[in-house]
Structure formats: C-alpha cells, structure tokens
Amino acid sequence: AGGASYTPTSAITLYAKWTLTTVRYTVIFNSNNGSSVASQTVISGETATKPAAPTKDGYVFAGWYVDSELTDEYDFSSAVTNDLTLYAKWTVTVPTDISLTNNTGYVSLYTASGNYTLTSSNSLYLSWTSTGVSSYAIYINTENDSSTATEVSATSYGISLYNSSTKKYLVYNLDISSGCCYYFWVKAIVDGKESDFSEPVSYIQELTASSINTLLKTKLGAQGVCTAFKPSSTPPSDSVTTYVINYATNALAWAEDATIYYYAAGFTDSGVGIPLPANCASLFDSCQTLTSIDMTGFDTSEVTSMKKMFYNCEKLQTLNVSTFDTSKVTDMSWMFYDCEKLAEIDVSSFDTANVTDMSYMFRGMYSASVINLNNFDTSNVINMESMFAFCYGALTEIDISSFDVSNVTNMTEMFYYCRKLTTIYSASNADWKSYTTTSVNMFSNCDRLIGGNGTAYNSDNVTASYAHVDTADNPGYFTAK
C-alpha cells in the first residue's frame with residue numbers, strides 16, 4: 001500500500017484503476033472575411049454554442065457550413081466528436097424599400113447620343129435603401145415576372161444615377177404617355193456576385209377613355225364590322241388578338257363573330273366590375289356600328305365625368321347601364337347625344353346628386369319613346385340646355401316631377417323640337433320661371449304640347465315663363481302629377 005513493495009506468497013490477481021481524462025475539441029469559425037467570431041472549446045460529445053451572426057458590408061449572413069464549398073450546413077444540435085472548422089455563408093443583401101415616382105419636371109441628361117430631355121411622359125425615378133455597396137442592377141418587365149425581366153441599360157431603355165446618396169436613378173426612354181404597365185426589380189452586386197431580386201415595384205398608367213375609344217374604333221371594329229359589346233365569363237382563346245383595356249386588372253378586349261368581348265380574371269367571371277377611369281368622356285364616342293352595349297362588367301364608382309360617353313352611337317338599340325354607380329359623377333352632358341335608334345333608356349337608378357351639367361344629355365334620341373327619370377336628383381344641376389332637344393320621333397310624354405331646378409341657370413332649348421311631346425308631368429308646385437336666367441326657345445317647335453288645364457302650345461310662348469303647372473289663372477305647359 002502506498003507504493004511499498006509487496007512480495008506475494010501465493011498466486012494473486014491485480015486490478016487496474018483508471019482516472020477519467022476529459023477530451024476537448026476546438027471549433028473554429030471562419031467568417032469568410034466577415035467580422036471575427038471566437039473559437040470554442042467543446043467537451044467531446046457535447047454541442048457547440050451557436051454564436052451571434054457575424055456581419056459583412058453588403059451581405060446577409062446565411063449560416064455556418066462544414067465545408068468550404070458551403071454545401072452542407074452545420075447542425076448545432078449535433079455532438080462534437082472531433083475538431084471542426086465551420087465556414088460562414090453570405091448572400092448579397094437584397095435592396096429594400098423600392099419606390100417609383102413620375103418625373104414631373106424636365107431634366108436635360110447627357111447621353112452617348114447627346115442631350116436627352118427627360119419629361120413626365122418618358123422617364124421615372126426609381127430609388128431604394130442603400131445596402132452599403134456601390135453597384136446595382138435594375139430590371140424591367142411589362143409583366144410581373146422577374147424571370148423574363150430585362151436589365152436596364154443604354155442598349156435597352158436608359159438609366160442614369162441621379163442622386164448617389166439616396167440611390168435615386170432616372171430610367172428613361174419609356175413610353176408612359178398613356179396606357180402602360182412596367183414592373184421594376186433591383187439587385188445589389190458585390191465582388192461580381194448578385195443578390196436575389198428585390199420585391200417588385202410597378203408603375204401603372206391606365207388607358208384614358210379616349211385611348212380605349214381609339215382601340216374600339218381602329219382595332220376592334222366598333223366603327224366597322226362589330227355590332228355588340230359585352231362582357232365574357234371566359235378568357236379569350238389563343239387564336240384571337242387581344243388588347244389591354246385596364247392594366248390593374250389585366251382586362252382584355254377582343255373581336256370575334258362581330259362582337260367585342262371584354263374579360264378580366266376574377267372580375268367578369270366572378271361578377272366583379274372592371275374599374276373605369278374617373279374621366280369616361282367620349283368612351284364610346286362615334287362607335288357607329290354598335291347596336292348593343294352591355295356595361296354590366298364595369299365598375300363606375302370612381303367615375304366623375306360621363307360627358308359624351310355614348311355620343312353619336314347612331315345605331316345603338318340596346319344599352320344596359322343598370323349597374324352604373326354614378327355617385328361621383330358631376331358631368332353627364334352630351335351623354336346619349338344622337339343615339340338615334342335607342343328607343344328606351346332607364347336611368348332611374350342613377351345617383352345624380354353631384355351632377356352639375358346635364359346639357360344635351362338626351363338630345364337627338366329620335367326613337368326614344370320612354371326616358372325614365374324617376375328619382376333623378378337635379379338639385380345641383382346648373383345647366384340643362386338642350387337636355388331633351390330633338391327627341392321628336394316617339395317621345396309623347398316625360399315625367400320630370402322629381403326635378404329640383406333651384407340652381408339651374410340655363411334652360412335654353414331644353415325641349416326644343418320635341419314635336420310629338422304632348423305631356424310634361426311635373427310636381428304640383430313646379431314654377432321654374434324664377435330660377436333660370438336664360439331659357440331661349442325652351443319649348444320651341446313642341447307643336448303638340450298641351451298643359452294639364454288644356455293650354456296648347458303657342459310659338460309666342462316658348463321660354464321658362466310657361467314652365468309651370470297649367471291652371472285657369474296661370475297658363476303653362478306642365479301637368480301636375
């Protein structure tokens with residue numbers, strides 16, 4: 001005992017005694033030119049502690065890998081059984097906060113071909129939050145698909161650094177004058193490596209009503225061979241030529257079998273209206289071969305002007321405007337002017353509370369026998385000039401009993417040449433002569449017009465002085481409803 005010698009006197013068995021020795025391994029973190037990360041000493045069989053992510057300008061840390069080729073990501077729940085070197089993986093920081101604005105000024109830019117004037121119709125400002133690097137690439141597409149996007153360069157569109165501190169670029173040689181859709185993406189570039197695409201930012205400028213009108217007449221046959229315009233619940237076939245009429249919804253129009261169809265996925269196939277622009281003036285102006293127009297596939301809730309919307313649709317016989325939301329409309333002048341073949345129009349559902357101009361609204365509807373104006377709110381209307389003029393073919397009576405003309409100043413030729421009109425129904429207390437400032441020829445050539453008490457039309461009495469209920473004591477041309 002205690003290391004003293006011992007002489008056995010018989011056979012014995014000796015037993016070894018062991019003391020446990022702790023084995024430790026070293027885990028080295030190679031940050032691949034990022035900020036340094038301290039090594040760790042780990043007892044065999046235990047796990048390494050995942051360190052705080054290192055940093056590197058222009059890059060985002062993407063994990064620790066067991067191989068320098070960065071193919072096998074390390075699992076920090078694994079037991080350490082040998083010395084390890086782990087390698088940091090980095091990805092180039094993706095630009096964020098992409099924004100796009102119209103170039104509202106005029107900038108002279110020097111290009112290889114000389115001075116180029118950047119205006120609001122050919123250039124856009126594109127900017128984003130800097131990722132700490134100096135090189136970026138901008139991509140553009142007319143569809144929301146980065147895989148087919150084109151890098152903006154001097155040979156495609158055009159690009160110029162406008163403000164280096166905010167990474168604000170001018171992209172030029174664009175056609176944004178009317179009706180376009182562009183998507184932009186940005187990539188950061190570091191040491192020849194590109195980031196992933198940023199989130200897209202889009203610039204959409206919807207077609208104006210005038211541009212849609214041009215498409216209808218020059219491309220879709222509304223002034224040639226097509227007789228109908230209506231929504232489709234199914235998309236067009238690949239065999240037809242389509243035209244975009246609304247970029248936000250990718251609404252398409254095409255001509256097939258003498259009919260112009262319009263369609264947008266999630267809209268016309270789901271009972272949801274395609275939004276129309278605020279200014280719908282002249283939308284169907286002079287679409288002279290259309291006999292039928294169905295507007296039930298459109299959303300008019302943001303429309304403010306319907307001036308000349310169906311102007312000179314001289315062959316139009318059927319018009320469905322039953323779904324129109326006109327709550328924001330202020331101008332309905334010339335709306336149905338010269339719709340000669342339209343025999344009946346029901347606008348009783350129109351919200352006209354904000355309308356100020358109804359001049360020439362129904363003028364020239366020669367075939368109209370019924371113009372349903374029930375519930376018309378005219379309290380803000382100022383101009384009713386020629387509103388029903390030349391409705392001489394079939395209109396025998398008209399009900400304007402809901403009319404409030406307290407703000408109307410112009411009634412010139414309001415019923416001019418309504419030669420078959422016999423009865424104008426009004427509110428029992430209607431007396432308009434004190435409101436209007438001009439009413440020249442208001443009832444001229446209404447040869448068959450008779451007031452409720454029997455007062456017959458007289459060519460000497462054609463102004464607003466006779467725009468009241470006819471009584472024995474006060475002759476007029478209105479009949480109390």
Side-chain angles (χ1 to χ4, degrees), residues 1-98 127-139 144-149 151 164-167 184-201:
S5 61
Y6 175 73
T7 302
T9 57
S10 61
I12 62 173
T13 300
L14 299 178
Y15 298 91
K17 182 178 181 180
W18 299 94
T19 300
L20 180 64
T21 301
T22 301
V23 178
R24 290 178 172 81
Y25 295 109
T26 301
V27 180
I28 298 172
F29 296 92
N30 182 340
S31 65
N32 278 325
N33 298 316
S35 59
S36 62
V37 177
S39 299
Q40 296 180 18
T41 300
V42 181
I43 295 174
S44 177
E46 296 187 2
T47 59
T49 300
K50 188 175 185 178
T55 58
K56 185 178 180 180
D57 287 345
Y59 290 88
V60 174
F61 177 67
W64 294 104
Y65 287 73
V66 298
D67 60 319
S68 58
E69 291 78 21
L70 307 175
T71 61
D72 185 10
E73 188 170 5
Y74 182 68
D75 181 1
F76 278 90
S77 66
S78 300
V80 176
T81 59
N82 54 271
D83 290 333
L84 284 174
T85 297
L86 300 180
Y87 301 88
K89 181 177 181 178
W90 300 95
T91 59
V92 179
T93 303
V94 177
T96 58
D97 301 324
I98 316 298
S127 59
W128 58 88
T129 301
S130 174
T131 61
V133 301
S134 58
S135 296
Y136 298 88
I138 296 173
Y139 291 79
N144 190 7
D145 183 358
S146 60
S147 68
T148 58
E151 184 175 356
S164 59
S165 62
T166 60
K167 291 295 176 288
F184 293 88
W185 296 262
V186 179
K187 285 185 175 183
I189 305 173
V190 184
D191 301 326
K193 299 177 181 178
E194 293 186 347
S195 71
D196 291 335
F197 284 106
S198 68
E199 290 296 315
V201 61

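Residue numbers run from 1 in the order of the sequence given. The structure presented is a predicted model; accordingly, all values stated were derived computationally and were not measured.
- You'll find the side chain of W128 stays beyond 4.5 Å of the side chain of V201, heavy atoms only.
- Here the straight-line distance linking atom OG of S195 with atom CD1 of I189 works out to 8.0 Å at 0.5 Å rounding.
- The heavy-atom pair separating Y87 from V66 by the smallest distance is CE1-O, 3.9 Å.
- A pairwise comparison of heavy atoms in V186 and P95 identifies CG1-CG, 3.6 Å as the closest pair.
- Between the side chain of T93 and the backbone N or O of G58, at least one donor-acceptor pair lies under 3.5 Å.
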message: Show, in sequence, the C-alpha distance, side-chain angles and deciding distance for F76 and V27, and conclude whether the side-chain contact (heavy atoms from CB on, under 4.5 Å) test is met.
response: CA-CA 11 Å; F76 278 90; V27 180; over 6 Å; no
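- To the nearest 0.5 Å, atom OH of residue Y59 and atom OG1 of residue T91 are 9.5 Å apart.
- Taking every heavy atom of both residues into account, S31 and W90 meet most closely at O-NE1, 2.8 Å.
- Taken to the nearest 0.5 Å, the OG atom of S39 stands 10.0 Å off from the CG atom of N30.
- Within a 6.0 Å sphere centred on CG of D83, heavy atoms belonging to other residues, nucleotides or ligands number more than 12.
- Atoms CD and CZ, from E46 and R24 in turn, are 9.0 Å apart once rounded to the nearest 0.5 Å.
- For the pair D67 (side chain) and D72 (backbone), a donor-acceptor distance under 3.5 Å is present.
- One distance of note links OG1 of T26 with CG of L84; it measures 9.5 Å at 0.5 Å rounding.
- Open room surrounds CG on D196; 12 or fewer heavy atoms of other groups in view lie less than 6.0 Å from it.
- The number of heavy atoms from other shown groups lying within 6.0 Å of CD (E151) is above 12.
- Across A48 and V80, no two heavy atoms sit closer than the pair N-CG2, 3.9 Å.
- Note on ring orientation: taking the six-membered ring where Trp is involved, the planes of W64 and F29 are perpendicular (angle over 60°, cut-offs 30° and 60°).
- Annotation: side chain of S130 is in contact with side chain of Y136 (closest heavy-atom distance under 4.5 Å).
- In this structure, V92 and A188 approach most closely via the heavy-atom pair CG1-O, 3.4 Å.
- In this structure, W185 and E199 approach most closely via the heavy-atom pair CD1-C, 4.3 Å.
- No more than 12 heavy atoms of other residues, nucleotides or ligands sit less than 6.0 Å from atom CG of D57.
- Within the model, atoms CG of L86 and NZ of K50 stand 11.5 Å from one another, a figure rounded to the nearest 0.5 Å.
- Geometric assessment of K89 against the ring of F61 yields a negative cation-pi assignment under the 6.0 Å and 45° thresholds.
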